Structure formats: C-alpha cells, structure tokens
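Keep in mind the model is a prediction, meaning the values are calculated, not measured. Proteins get letters first, then strands, A, B, ... in listed order; numbering begins at 1 in each.
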Amino acid sequence: MEKNLKPLIEALIFVSEQPLSLNRIAALIEDTPREEIRNALKELVEDYQKEDRGLYLEEVAGGWQIRTRAEYAPWIKRLFKLGPQKISKPALEVLSIVAYRQPITRAEIESIRGVDCAGVIKTLLEKNLIKIAGRKDAPGRPAMYGTTREFLEVFGLKDLSSLPTLKEMEELEKTIKDELDAEGTTPEDNSTGRDNIPQEGGGTDT
Amino acid sequence: MEKNLKPLIEALIFVSEQPLSLNRIAALIEDTPREEIRNALKELVEDYQKEDRGLYLEEVAGGWQIRTRAEYAPWIKRLFKLGPQKISKPALEVLSIVAYRQPITRAEIESIRGVDCAGVIKTLLEKNLIKIAGRKDAPGRPAMYGTTREFLEVFGLKDLSSLPTLKEMEELEKTIKDELDAEGTTPEDNSTGRDNIPQEGGGTDT
Amino acid sequence: MAYNVKLDIFEGPLALLLYLIKKNRVDIYDIPISTITEQYLEYLEVMRSMNLDVAGEFLLMASTLLHIKSKLLLPPQDSEEEPEEEDPREELVRKLIEYQRFKLAAEELIKRRLLGRDVFKRRNTSFLDGLKEEDQTIEIEDLSIMELISAFKEILKRLPEDTQGLEFTVDRFRVTDRINSILEVLSEERSVRFDELFIPTAPRGEIIVTFLAILELARLKMIRINQTTDGIIRLYRADREENRDGEEPETTH
C-alpha cells in the first residue's frame, strides 16, 4: 500500500475536476497518516519538476492540481482555438479591491475607485470571479462581495493569504516613486497613516 | 525546440478532451517531422511506464490519451461518488428538508425555510441529489421533489429509513402531515412544527 | 437625436488624476495643483465636447480640485503658530495612494500564470459541471481610455481654430456609419493607425464622430487597441484572432 501511495495520489489528482485538498485525499485513502500523504505529495511535486515535463503540480484554491506549463500555452490555445476573453482594466481593478478587502460592498468599492462600478461588478459576477458573500448590516442590507474559488484557480493562488503581501506592494510603490522622482521634488514624509491598504484579505474563503 | 518536443506533446495530450492523433499533433506543431514526433511519443510512453506512476499513456480510438491505471479505480470511483463539489449550507438545508419530507413542493420547502429556494433546488437537481418525484394535485400542478439514489450513495445511506433515528422520523412525519394538512385543506390548527427540522441530517464534511 | 456615449470602460476621476500625475512626472505627495487641475479640466472639456457621458464623479472631482487650489492660494491665515496645519491636498492624496495600491495590485494579479491563459488544466470529458468560463483565455486590455483621449486631444489641437463651437450634437446614424467604415478598413488591413483615421481637413464634427465610433467599437470589443512603446496607437479587428504578442507559433494563412 505504502509503496503505491504516490501513484495513487497522482491518479486522484489527475482525475479530479477541482484541486484536491490534502483533507480530501486523506479521506479517500483510509488509514494512511497525513504525514505520509504529505511526503508523497512532496515527492510527486519534485517528479513533476523534472526538466522534460510538460506538466506541473501546483497547490491552488486549497488543493492540488496538475497543470500545463506556461511555455506551452500558445500550442494549447491553438488546440482549443481559444479566443481571448478580455478582462477590462476597470474589472481587474475592482477584482483586486474585492480580493484584498472582502467582504466589501459596492459603495465601498466605488468610494475607493471614485467611479460607478455596477456594470463591472455584474461582469465579474457573471464570470464567476466574485460572488455575493453576505449582506452588510446596514440600511438596505447591501450585498457584500467576495472572491470565488474560481478566482483562486484562475489566478493560481493557494488561498487568499497568497495574494501579494503588503510589503511587496510597498516595494512596488517605491520603485514607481523612484522612477518618478527622477524629476526631483523629494516626497516629504507625509505618508498618511493609512499604510496598509491592501491588507491580506481576511480569511474569508468559505 | 526539439528538446521541448516531448513535454509539449505531453501538455497537449493532457489538456485534450479526446485522444489526440499523431496527425493532430503534427498539425499543431509545425515544421516538425513526423518521425520526431513519433519518437517523442515513444519516449513519453516509456516515461509513463515507470513503476511509480499512477497514469499511463495509451493509444485509444485513434489517438493518444493519458489515463489512470486500473489498480487505482476503487479510489477514483470513491472520489467521484463523494461528489467533488462542495455543497452549500442552504443546499444542504433544502436537501435535508426534501430527504425528510419527500415528496414536497418548492412552495412547501420555502415555507419551511422562509426564503426563496429556486436556485438551490435547481442546483440540487443538477447534481442529481434530488429529482421530481411527482406532481401535486393542486392548482398549477407543482412539482414535488424527492431524493435520488445518488443521494443515498453520496451520503452513505442504505436507504431512506437510515436517515437519523426512527423516532425523529416519526415525529417528523407527523409534522409533515400536520403541516401539509394545514396548508392544503384544514384551515387553521397548527402551523407550528418548523422547529424540529433535523439538524444532524447527513453528515457531509466535504 | 443626440448620441450619448456611456462608457463603462472609463476608469474614473482618480484614474485620470493618477494618469496626469504620471504623465507630468510629478510627485504624488506634492501635487502641483494648478497644473494638474488645468489639465484635468481640459480632459473634461474634451469628453464633454463629444457628449461623452461624463459621470458626475468627474465633475465632483473638478470642484474638489478647484477648492483645493483656492485654499492653497489663500495666504496662510493667522494660524501661523500651527505648522501642522493640514495640507488641503492631504485627503485627496490619501485617496490617490489608496487607489494606486489597488491599481498596482491589479497589475500584479494579471501578471500571474493565469489558468486559461498561461496554464491549463485537464478537460473532463464526462463529468458534471459542463463548460466553464475558464475555457477562454483571459487577456487584459492594455490601453487606458485616458491615453486614447489624450491622443485624441492632440488630434484636436492640430485642427484649425475655426469651429471652436464645442457644443455639438452627434446623431447615432452618423456614428453607426463611421463604425461600419472603420470595420471596412479593418477587414482589408490587419490594423490601422489611430491617427490615420482622422482626416485633418474634415470638419470638427466629423472628427468627433470618428472618435466616438472608435470608443463604441472598443466598448463592443469589436476592436483591440494597442499602444506600442513609441506611443503609436493601433486598432486591430478583434475577431480575427491573432494572438497579441509575437512570440506565438502563429497561424500561417
């Protein structure tokens, strides 16, 4: 049994439509210590990391999934004759606001973006990238939005806490500022208190 | 390019819904002699023949396909039986109402839950956990829902009578009758009974 | 019939401000309010001249900017002993920074290996669920509408000063007409330069109609608009699916 653990896990992950969590695997394979499963998974990841593989194993959306390597995307798109589905900049912006701030109401999103977002929110709901995650305890009980499991899957995120952290974001900002500062006028340090804008989205994963 | 032929082919076969023929592969990868593709395929087959793999590469129906090895079928069947999709709380609630009170109409379910259930019912129908079990002899002949064989399978129930204890069932049955009577014919005796909806219904842990 | 273009591709006043800040290469913590306000109002004017449905938020921001400007112009009032007197720009800066964070976050997100664009999972042949959206690839539209308006502003500038009457009504028929003629051009050419679509000698109204037609085409996703590094904006027909970046094993024909 033990000897077959790795291939068994491989087979299971392969057939599963959705990323397969460790819990799920453990439930399927009875009487096997989690530690062993974890080890087998680790080995499997390594096997897939070998140079001449077209696939890799990744932890996304709370589970394990086999995916094709990015460099082969052009041929795969050709196989499927895929047309690109555009996501607009505004939509992407709203998506990232929702991702970092969920659960969040439309009014709150709009106050950050300074512009009406009804259409964009609708689009994101249709694409199943966000969902109504509850209702705010406020007049009118407005819907609060959160990201979906599909969002994690599409963006290759293990969970919400794998979103780029605040620190990374700050570094990015600095880079951009530095670029701009080529001009001169050093910024005084009136960085307002609200430093931690994209907080690591509170663990709403449902 | 040549060096990447094998992983590219692997990626293509992996994502393809149908067995991928040599012709198809050759058409996708331009400017590569068939002979090379054939060789890469052969190597790939050998890679997949290694002992500790859960998958193998086979030529079926005129093309190449990755499949799981037969010895892992029992676990895979189990994976699918357990239902890969998570079931939402509302869905679980409706499901248990249907389980205990079948056959039951949507209006009746909604009167118990106090909230619209159309979407949830649709989902459960799609998941094949409930089915239309008949039509009520009432205006509009509304559909009455009942659970399916899959429901029993998924929840590991021998039959409907294996639902949580008989005593509870009996009480429930009475409640059902009372409630149905209250709704249909008898005007006003007891609209109560919405308190003892079984909570321990079908322990899905997903 | 007046033709009002409602554009959900607009990114809003904050985006416009950030765009201007970047374009002018000024420090976000020390915004030269007069310059930025002036340019901001110019943009609004261009949008309005085309009957673009300038959302109320844009106008609100305009008045906020003017208010800040006037406050800055006032001599520091008797409160000389208060060096920590709040900078009237502070609230705006805070909002801009916050918004910019998410813009950056969005850019980071789209850079990831996206399922359906860069990586693919196995397609199931038989099981439930059916088709999923992710069967499509996801791309981001690169060009900000601000840049398009910016380019259009340049074109307007080049026009003779004669008809400065900005009030101008556009009827739907003419826009539809122009849409068709642009599509016609694109059915023959793979792409066309943005500025080549505008004939400098054409009446101002005609030029505005052309721009509205382009916006409409973009909104309907019938064209793709790209800007090369040297600032040239090109339009492509969207349905002729050529993958955007050259590195593809691309289709012959």
What pair of heavy atoms forms the shortest contact from [X] to [Y], and how long is it?
X        : Y        : answer
A/Val115 : C/Pro13  : CB-CD, 4.4 Å
A/Ser111 : C/Lys95  : O-NZ, 3.3 Å
A/Lys77  : C/Phe120 : CG-CZ, 3.9 Å

Report task. Answer yes or no: is there a side-chain heavy-atom contact under 4.5 Å between A/Leu157 and C/Arg112? Result -> yes
Query - Non-hydrogen side-chain atoms of C/Lys121 and A/Ile66 separated by less than 4.5 Å - result: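 No - every pair of side-chain heavy atoms lies 4.5 Å or more apart.
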Query raised in the report: Which answer fits C/Arg113, side chain, backbone, both or neither, if we ask what part of it has an atom under 4.5 Å from a heavy atom of chain A?
Result: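 For C/Arg113, heavy atoms of backbone and side chain both lie under 4.5 Å from chain A.
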Would you give the length of the straight line joining atom [atom1] of [X] to atom [atom2] of [Y], rounded to the nearest 0.5 angstrom?
X        : Y        : atom1 : atom2 : answer
A/Arg67  : C/Leu115 : CZ    : CG    : 4.5 Å
A/Leu163 : C/Leu109 : CG    : CG    : 6.0 Å
A/Glu93  : C/Ile110 : CD    : CD1   : 12.0 Å
A/Arg113 : C/Lys103 : CZ    : NZ    : 7.5 Å
A/Thr68  : C/Arg122 : OG1   : CZ    : 13.5 Å
C/Arg101 : A/Ile112 : CZ    : CD1   : 11.5 Å

Report task. Count the heavy atoms of every other residue, nucleotide or ligand shown that sit under 6.0 Å from NZ of A/Lys42, and state whether that count exceeds 12. Result ->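 Counting neighbours around NZ of A/Lys42, 12 or fewer heavy atoms of other residues, nucleotides or ligands fall under 6.0 Å, so no.
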Query raised in the report: Is it the backbone or the side chain of A/Glu58 that comes under 4.5 Å from a heavy atom of chain C, or both, or neither?
Result: side chain
Query - Engaged part of A/Tyr72 at the chain C interface, taking heavy atoms whose separation is under 4.5 Å - result: neither
Query - Check: C/Phe102 main-chain N/O paired with A/Ser96 side-chain donor or acceptor under 3.5 Å - result: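 Side chain of A/Ser96 to backbone of C/Phe102: a pair is present.
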